[in-house]
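Down below is the structure, laid out as structure tokens.
Counting convention: from 1, in listed order, for ligands and their atoms alike.
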Amino acid sequence: MSIELFAMERMQSTWENLVDYDMSESGVRPLTLRELVEMGFDLDTFLDQPLGYSQSNGTLELRERLAAIYPGADVEQIEVTNGTSEANYLIALSQLQPGDEVAIEVPNYMQMPGVARSLGAAVRTFSLRQDTGWEPEWDEFERAVTSRTRLLYLSNPNNPTGSILSRSAMERIVNRCESMGTWILADEVYLGAEIDRERTPSFWGMSDRVIVTSGLSKAYGIPGVRIGWMVGPRSLVSECWSQHDYLTIGPNKLSDRLASIAVMPQNRERCYGRTRAILMHNLPIAREWIARFGGRLSWREPQAGAIALVRYVADITSLDVAERVRVNQSTLIVPGSHVGLENHLRIWLGGREEFLREGLRRIGSELTALFD
Ligand SMILES: Cc1ncc(COP(=O)(O)O)c(C=O)c1O
């Protein structure tokens, strides 16, 4: 099976540890084990954990705790994976066949288009429109989701716009997918990273066509633990488990244990609270920085997540802008073309204040040179 390059991930893996300022990230500054202990996590049992294989679909303890987050779900409807990305991949592997169609919201985290095409499926996209607060472009949506559509993938809150779908938009998506017999894969890894608003409602429970994926990488702030999960209908989850047996067998034992502690309600809220505090602190810094460009840069402020999606006005591709910023400023940003939206740049907002200010200063001086 051949697969196209995942442009954004490969760019990040190539450069993120070589540049002075990695502003291409998408979560908040990651926590250390010591910080987790200081936040009240009880990690004592960690040292006595035998380092054997773990339960391949996730320990019962972790699946019970995850099931409690999703009303009505039981442990057989949960599969614990190596990151949200593995959960998404397993769903595609188990559900897609050559000739299927897949509908994808753009801009987005562009894992699914590459995976779907590698499995022989055709990808149809529909846009989120900035001028309507990133609501889907409904005509495109209806053209993209038809009786041939096996799976729809969206991220909510969305990477990279930081937008959250309205309740009526969620219902419209669910109703259409139900009538077409389409699986709705709602990637909710940013749920809990809301900046100054109520918790994002989950798609979970809206229909038996819904599959939710999530993980510890964004709202929890611990991506290196590499734990994600899916929750969905029993038969689909069981098919994904079969794929998992072949792929990685299962998640890392220590990570499963740490996840069990992280997803306990009081710990989860501690992580979400820290994420919110970082983002509330950093958002005004980005706001002020963008305002300085007087219309050459514009954005719709994110409702969730540690990303600024910034539109620029200049006759140059986003890839060329990102390349100049990297080469001349040793600073990494994501070109809009890597998330499906040209003339935009994706800039990380989740770092420490000094880091954020210096990263923005460097990006700014390159953009100023470009605009002059
Ligand atoms: C929407 C979305 N899903 C999945 C992932 C990958 O998550 P994980 O680190 O849990 O594999 C990302 C990473 O940026 C993402 O933005």
**Cation-pi check, Arg129 onto Trp134 ring (under 6.0 Å, within 45° of axis)** = no
**Message:** Distance to the ring centre below 6.0 angstrom and angle to the axis at most 45 degrees; does that hold for Arg311 and Trp299?
**Reply:** no
Supply the atom-to-atom distance [X] [atom1] to [Y] [atom2], rounded to the nearest 0.5 angstrom.
X      : Y      : atom1 : atom2 : result
Ser163 : Asn156 : OG    : CG    : 7.5 Å
Ser238 : Asn57  : OG    : CG    : 9.5 Å
Arg226 : Asn252 : CZ    : CG    : 11.0 Å

**Prompt:** Any N or O of Asn82 that comes nearer than 3.5 Å to an N or O of ligand 1?
**Reply:** no
**Asked** Would one find an N or O of Ser217, backbone or side chain, under 3.5 Å from an N or O of ligand 1?
**Response** yes
**Request:** Considering only non-hydrogen protein atoms, determine which one is nearest to atom 7 (O) of ligand 1 and report residue, atom name and distance to 0.1 Å.
**Result:** Thr84 CB, 3.7 Å
**Message:** How far is atom 14 (O) of ligand 1 from the closest protein heavy atom, and which atom is that?
**Reply:** Lys218 NZ, 2.8 Å
**Item:** More than 12 heavy atoms of other groups within 6.0 Å of Arg197 CZ
**Value:** yes
**Prompt:** Can you tell which of Tyr89, Tyr220, Tyr109 gets a heavy atom nearest to atom 6 (C) of ligand 1?
**Reply:** Tyr109
Check each atom of ligand 1 against the heavy atoms of [X] and keep those under 4.0 Å away; list them by number with element.
X      : value
Tyr190 : 16 (O)
Ser26  : 14 (O)
Ser155 : 1 (C)

**Prompt:** Stepwise, does the side-chain hydrogen bond (donor to acceptor under 3.5 Å, both in side chains) test hold for Asn159 with Ser26?
**Reply:** CA-CA 8 Å; Asn159 171 5; Ser26 57; 4.7 Å; no
**Request:** Answer yes or no for Arg226: is there a heavy-atom contact with ligand 1 below 4.0 Å?
**Result:** yes
